[in-house]
Amino acid sequence: MLASRLRITNSPSTSLSLPSPTHAFPRLRTTYTSNIASPSSTPEDAVPLALILNSTAMSLPQVLRDLEVDWTQSLVDKTLKRLWNHAPKAVQFFQALTGLPHYTPSVSSFDHAIDLAARLRDYKTAWRFVAQMRALRLGPTPKTLAIIAERYVSAGKPDRAIQLFLSMHKHGCRQDLTSFNTILDILCKSGRVEMAYNNLFKVFKGRFRADSVSYNIIANGWCLRKRTPRALEVLKDMVERGLTPSSTTYNIMLNGFFKSGQIDEAWKFFLQMKKRKCVIDVVTYTTLVHGLGIAGEIRRARNVFNEMMRKGILPSIATYNALIQVMCKKDSVDNALIVFDDMLREGYVPNITTYNVVIRGLCHSGYMDKAMDFMSRMHQDRCKPNVQTFNVVIRYLCAAGEIEKGLHLFENMGSEGDCFPNLDTYNILINSMFVRKKANDLVVAGKLLIEMIERGFLPRRDTSSSRHPGKYLQCKYALHYYYREQLWKSKSNKSSAIELPIAGLRYQI
DNA sequence: GGCTATGTCT
């Protein structure tokens, strides 16, 4: 009884009716539902989620008032996290929640809500939350502002992020070395190391007393852009200023050489590290195993792994994951599975990354059934398939022409109520429908597109069209087919224009 | 999903 109450439809608002292959692949169905549907989350967490998803912006405040739920900080945070790929709904939920008479959000809930709104590029709402926070004297904290800055940067507005940093004091936050390092890191991680270096680091390194962390951030920024000579210059500069490079610094350089394809330099650098008695830690070894393996040097990667064991440095899960991944990519999935079993024998518990790597390897070798087995096996290790897991399997199913199986998995993603498709998922499915173009495929693509947009995944027009020239046109076609079908279905309805259920868009037929 | 730096996944 509970189970049926908890069942959440994939699309409450658009009533998506995808082809439902109920009897086409019983195997898939049993593996999937029997094992994955055992909820590890408590019913108390799941009930509100279903009600939230099925309510409208109008009805939500009343729904929340009627619910006799103690909205603790952790429950609110958890709910917002689970609605991560349902961002408009999550923001609606938080807004309705703040309207409840006896509820005061916590700092972390505000941060989550601000992150969600900013991710939707709804900066007005994000800043309104900040104002509420301030009125309650809860913030904004430096972390809150870092969240907004990061969203500005990923939306292509790094200047606004820098402005935000420079005007932190206006929001009641003090600028210090930590916030300086944070903004540098945000810019570097988005690939804007030039900006971080020229506009901030060079100008303010004296004022904030840049430390070895600041230098490491910039060096890593150059490494991410495959500019290892620049990274080395930063190291030189660092030493000249009397700062000692740490093992982190060396690990950053080592990884930079591998990322830039400079395998020989990486190896020489590692030998230098040994010669100069630098600390060689588990991160160093993991970097080597991964870097050598990706370069196709599987034997050397294994040797390094063995050397690590000999020296008494215990591999971490990340080390095993790196080895398993490179075995999958450059050796064989069967050998990767041997490593997986070794790992279990040593008493390690695989994490979600381990499973995603193994499942990807199995899919890549065409062992789809075995991949499904691993997907259900995850529960033994208190892991649940996440959106990445689903995306990998759906991608390979679609590539193999098994689009119905892909759609079936897609429909079942939310069966536990907390794994929702993201932009990648929709792109995979919509693209494969456009490749196949079977009757009805474009209609389904159109429905998916609308659902995608309603869930807050709106690729920016300029980025999507410049990177994939056909993309925008494709979207228009998909919508066209969808609405043509709608029109045909409702012939009695004489209107020739249909309002799209998306703010600000109107589609004429 | 976290928040000041490095390794595994997307």
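The chains referred to below are lettered A, B, ... by the order of the sequence lines, with proteins before strands, and numbering in each begins at 1.
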Could you run down the sub-3.5 Å N/O contacts of the protein with nucleotides 3-6 of chain B?
| unit_1 | atom_1 | unit_2 | atom_2 | d |
| --- | --- | --- | --- | --- |
| B:dT4 | O2 | A:Asn181 | ND2 | 3.2 |
| B:dA5 | OP1 | A:Asp185 | OD2 | 3.2 |
| B:dA5 | N3 | A:Asn216 | ND2 | 2.6 |
| B:dT6 | OP1 | A:Lys189 | NZ | 3.0 |
| B:dT6 | O2 | A:Asn251 | ND2 | 2.6 |

Identify which nucleotide among B:dG7, B:dG2, B:dT10 has an atom closest to any side-chain atom of A:Lys81, counting heavy atoms from C-beta outward.
-> B:dG2
Where the side chain of A:Asp424 is concerned, which of B:dG7, B:dG1, B:dT10 is the nearest nucleotide?
-> B:dT10
Is there a donor-acceptor pair closer than 3.5 Å between any side-chain N or O of [X] and the backbone N or O of [Y]?
{"X": "A:Asn431", "Y": "A:Asn427", "result": "yes"}
{"X": "A:Ser167", "Y": "A:Gln163", "result": "yes"}
{"X": "A:Asn255", "Y": "A:Asn251", "result": "no"}
{"X": "A:Gln175", "Y": "A:Met168", "result": "no"}

Which residues in residues 332-366 of chain A have at least one heavy atom lying under 4.0 Å from any atom of DNA chain B?
-> A:Thr353, A:Val357, A:Arg360
Check whether NZ of the Lys or CZ of the Arg A:Arg230 lies under 6.0 Å from the centre of the six-membered ring of A:Tyr197 and within 45 degrees of that ring's axis.
-> yes
Between A:Trp71 and A:Phe93, ring centroids under 6.0 Å = yes
Assert yes or no for the condition that the ring centre distance of A:Phe410 to A:Tyr426 is strictly below 6.0 Å.
-> yes
Quick one: [X] [atom1] to [N] [atom2], roughly how many Å, whole number?
{"X": "A:Tyr285", "N": "B:dT8", "atom1": "OH", "atom2": "P", "result": "18 Å"}
{"X": "A:Arg119", "N": "B:dG1", "atom1": "CZ", "atom2": "C1'", "result": "11 Å"}
{"X": "A:Met327", "N": "B:dT8", "atom1": "CE", "atom2": "C1'", "result": "15 Å"}
{"X": "A:His290", "N": "B:dT10", "atom1": "NE2", "atom2": "C1'", "result": "13 Å"}
{"X": "A:Ile148", "N": "B:dG2", "atom1": "CD1", "atom2": "P", "result": "18 Å"}
{"X": "A:Ile324", "N": "B:dG7", "atom1": "CD1", "atom2": "P", "result": "19 Å"}
{"X": "A:Tyr250", "N": "B:dG7", "atom1": "OH", "atom2": "C1'", "result": "18 Å"}
{"X": "A:Asn386", "N": "B:dT8", "atom1": "CG", "atom2": "C1'", "result": "14 Å"}

A:Val282 near the nucleic acid: base, sugar-phosphate alone, or nothing, with a heavy-atom cut-off under 4.0 Å?
-> base
Have a look at A:Ser316 and say if it touches a base, only the backbone sugar-phosphate, or nothing, with a 4.0 Å heavy-atom cut-off.
-> base
Listed once per pair and sorted, the ring-ring contact (aromatic ring centres under 6.0 Å, His included) pairs that draw on residues 286-310 of chain A, sequence neighbours left out | A:Phe305-A:Tyr320
Would you call the rings of A:Phe201 and A:Tyr215 parallel, tilted or perpendicular, where under 30° means parallel and over 60° means perpendicular?
-> perpendicular
